[in-house]
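Below, chain A is the first sequence line, B the second, and so on; all start at residue 1.
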Amino acid sequence: MARTLITSAIPYINGIKHLGNLIGSQLPADLYARYRRARGDEVMFICATDEHGTPAELAAAKAGKPVAEYCAEMWQVQKDLADGFRLSFDHFGRSSSPQNHRLTQHFAGRLDAAGLIEERASRQVYSVADNRFLPDRYVEGTCPNCGYDRARGDQCENCTKQLDPTDLIDPRSAISGSTDLEVRETKHLYLLQSRLRDRLDAWIDGQEGWPVLTTSIAKKWLHDGDGLQDRGITRDLEWGVPVRKGDQPWPGMEGKVFYVWFDAPIEYIAATNEWADATGGDWRRWWRTDEGADDVRYVQFMGKDNVPFHTLSFPATLLGSGEPWKTVDYLKSFNYLNYDGGQFSTSQGRGVFMDQALEILPADYWRWWLLSHVPETSDTEFTWTAFQTDVNKDLADVLGNFVSRVTKFCRSKFGEVVPEGGSTGDAGVILVRRLSEGLARYEAHMDAIEIRKAAAELRAMWVAGNEYLQEAGPWTVFKTDPETAAAQVRLALNLIRFYAIVSAPFIPDASARMLASMRAGEADWPTDVAAALEALPPGHAFEVPEVLFAKITDEEREDWATRFSGTRT
RNA sequence: GGCGGUGUAGCUCAGUUGGUUAGAGCAGCGGAAUCAUAAUCCGCGUGUCCGGGGUUCGAGUCCCUGCACCGCCA
């Protein structure tokens with residue numbers, strides 16, 4: 001049995017994600033996971049929350065809660081939303097888990113033993129009032145270049161000049177506003193990525209068929225300027241994985257934690273470890289090529305902003321450890337989804353967020369639109385009018401109405417049972433051939449993770465059913481030749497079951513309802529379309545389902561467009 | 001400023017290593033049908049493929065340049 005390991009970029013714990021985040025990794029990853037399972041693979045689909053770092057600490061402080069408590073609550077919120085969107089993770093972990101602490105410290109120890117970690121001293125801004133070092137962007141002040149009084153320590157948003165915190169005039173803490181700042185010396189660990197450049201370069205070159213977006217970003221970072229830079233992997237924070245060398249203390253690093261950048265991707269492995277601890281499964285056979293993972297195909301999903309970490313940083317950790325860890329086989333990256341002429345923005349609350357989306361419509365509506373418009377080759381635009389017309393047309397009119405017209409016609413002429421007798425003749429044969437070809441193309445696109453093309457092919461199969469019905473015209477044929485009409489309706493009823501199965505990765509809820517109404521027991525992926533379209537035999541009882549997809553009205557669309565136009569309240 | 005991306009029908013987007021009359025869905029127009037969620041099906045596109053040069057027998061597809069928009073700069 002083929003084995004597929006799938007990971008989605010892990011969302012940051014700080015707040016609810018918007019639809020742009022969802023379509024940028026979790027949703028396409030889920031589509032692929034569901035598809036691979038349907039095709040019979042053994043699948044391990046992993047995601048988690050990324051919990052460490054300053055933003056989490058600040059969000060917790062703002063909420064008036066201990067950071068651990070805040071993260072636990074937000075994890076549950078994100079978990080519930082993931083469930084709401086039917087994201088079929090085998091495990092949704094937490095980067096703050098004990099498993100990740102242990103693994104992160106393990107990797108640091110191995111990298112140090114390999115001579116790939118170096119201690120370096122640096123000078124950073126320390127806020128006495130806040131009792132902590134301040135990351136560059138948490139130091140605010142007046143820009144020495146343009147005089148903007150809210151410039152950040154890393155860059156002035158007004159004139160875009162790159163800054164160093166010490167450049168700022170009248171610097172203050174962005175956290176407390178305190179001006180009681182001083183520059184202190186601190187030591188940090190650096191991962192010597194530069195020494196791994198050639199290995200990483202060769203590793204990238206060894207990958208075949210990766211998207212250009214993926215390799216071009218990796219190559220740029222490898223060769224741009226002075227090449228791949230060494231990277232600090234520790235911070236002076238409380239919330240995080242304590243710096244240790246494996247299970248041993250790390251002298252001089254007391255009170256420091258690993259930077260999120262370092263521990264977040266390791267959580268992919270740790271989350272699988274969490275899964276194993278919870279279920280009694282074996283996580284190492286997914287991650288250690290010396291313990292069974294050599295026949296695993298590992299596919300990652302992420303937005304383009306995450307590509308450098310997954311093509312360089314994380315592989316540097318894995319390769320540098322000198323241990324036989326599984327590295328990614330195929331990396332699928334995405335562009336951005338824009339919102340009505342601008343960007344989705346978490347900080348500005350612009351766009352539709354996951355909780356709001358589920359409040360107004362079932363998950364399948366969002367899944368279908370987002371996946372069929374996923375920004376694979378370029379940024380894509382979300383507009384309410386497009387969303388309304390596309391969803392109404394594809395789901396309500398083409399698929400949903402097909403189910404309605406077939407089941408209701410059958411009920412009125414033959415009752416709620418698959419009618420017997422007759423033959424569909426050449427038209428039936430032609431339909432089977434068309435669907436066989438369509439299914440083959442659909443599978444090819446899904447195998448290649450060409451999601452938009454797959455969606456278009458799936459839709460074409462739905463259309464083919466309507467075309468068949470229109471041409472066969474059982475409502476007319478019935479008047480003179482009820483036997484033939486019976487065969488036509490029998491074929492159409494079986495089509496509903498067929499659609500339910502092949503559509504399930506995109507719209508799992510509607511798929512389940514279709515199967516339930518047809519009382520279809522088995523729902524194995526069709527290998528022979530002709531046979532699949534005879535699965536429901538004459539005499540098989542079914543039920544006319546409720547409307548599968550209610551249409552989005554103009555009033556609703558206008559209401560939502562207004563409601564989500566501004567800042568989230 | 002540096003780097004990168006994008007600019008194709010009213011809208012959202014496809015267009016493989018350059019090769020016959022540049023495509024899809026939606027919207028729009030016309031028709032058929034009436035089983036169905038006023039749902040379906042058929043037919044209809046002369047688009048300066050952002051502008052300007054160039055390479056080539058041949059460029060949306062490669063090179064240079066200009067413009068516009070966007071992103072990134074650890």
Colleague: Testing the 3.5 Å rule here: is there a donor-acceptor pair between the side chains of Gln193(A) and Arg231(A)?
Modeller: no
Colleague: Ring of Phe506(A), cation from Arg367(A) - is the NZ or CZ under 6.0 Å from the centre and inside 45° of the axis?
Modeller: no
Colleague: As a test of understanding, state which of Tyr499(A), Phe409(A), Trp462(A) forms a ring pair (Phe, Tyr, Trp, His ring centres under 6.0 Å) with Phe402(A).
Modeller: Tyr499(A)
Colleague: Could you list the donor-acceptor pairs under 3.5 angstrom formed by side chains in residues 430-437 of chain A, with sequence neighbours left out?
Modeller:
| unit_1 | atom_1 | unit_2 | atom_2 | d |
| --- | --- | --- | --- | --- |
| Arg434(A) | NH1 | Glu467(A) | OE1 | 2.5 |
| Arg434(A) | NH2 | Glu467(A) | OE1 | 3.1 |
| Ser436(A) | OG | Val432(A) | O | 2.8 |

Colleague: Please tell me which of Gln193(A) and His373(A) maps to the more 5' nucleotide of RNA chain B, matching each residue to the nucleotide holding its nearest heavy atom.
Modeller: His373(A)
Colleague: Is there a Watson-Crick or G-U wobble partner for A36(B) with both distances under 3.5 Å, and which nucleotide is it?
Modeller: none
Colleague: State the pairing partner of G47(B); accept Watson-Crick or G-U wobble contacts with both distances under 3.5 Å, and report none otherwise.
Modeller: none
Colleague: With a 3.5 angstrom cut-off on both distances, give the Watson-Crick or G-U wobble partner of G58(B), or none if there isn't one.
Modeller: none
Colleague: With nearest nucleotides of RNA chain B determined for Thr389(A) and Cys410(A) from heavy-atom distances, which residue corresponds to the more 5′ nucleotide?
Modeller: Thr389(A)
Colleague: Give one of base, sugar-phosphate or nothing for Ser412(A), where a contact means two heavy atoms less than 4.0 Å apart.
Modeller: nothing
Colleague: Ignoring hydrogens and angles, does a donor from either the side chain of Glu381(A) or the base of U12(B) sit under 3.5 Å from an acceptor on the other?
Modeller: no
Colleague: Please list residues of residues 391-407 of chain A whose heavy atoms come under 4.0 Å from any atom in RNA chain B, ordered by number; otherwise none.
Modeller: Lys393(A), Ala396(A), Asp397(A), Gly400(A), Asn401(A), Ser404(A), Arg405(A)
Colleague: Can you pull out every ring pair (Phe, Tyr, Trp, His ring centres under 6.0 Å) where at least one residue sits in residues 410-454 of chain A? Sequence neighbours excluded, please.
Modeller: Phe414(A)-Phe478(A)
Colleague: Between C70(B) and U8(B), how far apart are the two P atoms, rounded to whole Å?
Modeller: 15 Å
Colleague: Do Tyr35(A) and Asp447(A) have side-chain atoms, one donor and one acceptor, less than 3.5 Å apart?
Modeller: yes
Colleague: Quick one, which residues of residues 433-465 of chain A touch RNA chain B with a heavy atom under 4.0 Å?
Modeller: Arg452(A), Arg459(A), Val463(A)
Colleague: So, using side chain to side chain donor-acceptor pair (under 3.5 Å) as the criterion, who are the partners of Asp390(A) when residues are at least two apart?
Modeller: Trp369(A), His373(A)
Colleague: Determine which nucleotide pairs with C41(B), using a 3.5 Å limit on both distances of a Watson-Crick or G-U wobble pair.
Modeller: G31(B)
Colleague: Name the pairing partner of A24(B), where a pair is Watson-Crick or G-U wobble with both distances under 3.5 Å, or state none.
Modeller: U12(B)
Colleague: Using the six-membered ring for Trp and the full ring for Phe, Tyr or His, decide whether Phe409(A) stacks on the six-membered base ring of C35(B) (centres under 5.5 Å, planes under 30°).
Modeller: no
Colleague: Does a donor on one side chain sit under 3.5 Å from an acceptor on the other, for Gln388(A) and Asp554(A)?
Modeller: yes
Colleague: Can a donor-acceptor pair be found between the side chains of Lys187(A) and Thr234(A) at a distance below 3.5 Å?
Modeller: no
Colleague: What protein N or O atoms touch nucleotides 9-11 of chain B N or O atoms at under 3.5 angstrom, if any, and at what distances?
Modeller:
none

Colleague: At 4.0 Å (heavy atoms only), tell me whether Phe549(A) reaches a base, stays on the sugar-phosphate, or touches nothing.
Modeller: base
Colleague: With respect to the side chain of Arg231(A), which nucleotide from A74(B), U40(B), U37(B) is positioned closest?
Modeller: A74(B)
Colleague: Does the pair Lys551(A) and Asp397(A) meet the rule for a salt bridge (charged side-chain N to carboxylate O under 4.0 Å, His left out), with working shown?
Modeller: CA-CA 9 Å; Lys551(A) 291 201 191 192; Asp397(A) 296 348; 2.8 Å; yes
Colleague: For A74(B), which nucleotide in any strand shown is its Watson-Crick or wobble partner with both distances under 3.5 Å?
Modeller: none
Colleague: In whole Å, measure the gap between the C1' atoms of C11(B) and G71(B) for me.
Modeller: 24 Å
Colleague: For the residue pair Trp366(A) and Trp384(A), does the interplanar ring angle fall in the parallel (under 30°), tilted (30 to 60°) or perpendicular (over 60°) class?
Modeller: perpendicular
Colleague: Could you tell me how far apart Leu548(A) (CG) and U40(B) (P) are, to the nearest whole angstrom?
Modeller: 15 Å
Colleague: If the test is ring pair (Phe, Tyr, Trp, His ring centres under 6.0 Å), which one of Phe564(A), Phe353(A), Tyr339(A), Tyr336(A) qualifies with His18(A)?
Modeller: Phe353(A)
Colleague: Which of these nucleotides, C13(B), U37(B), A32(B), is closest to any side-chain atom of Thr380(A)?
Modeller: C13(B)
Colleague: Tell me: CD of Glu416(A) to C1' of C35(B), nearest whole Å?
Modeller: 15 Å
Colleague: Looking at Phe542(A), is Arg519(A) sitting on its ring face, NZ or CZ under 6.0 Å from the six-membered ring centre and within 45 degrees of the normal?
Modeller: no
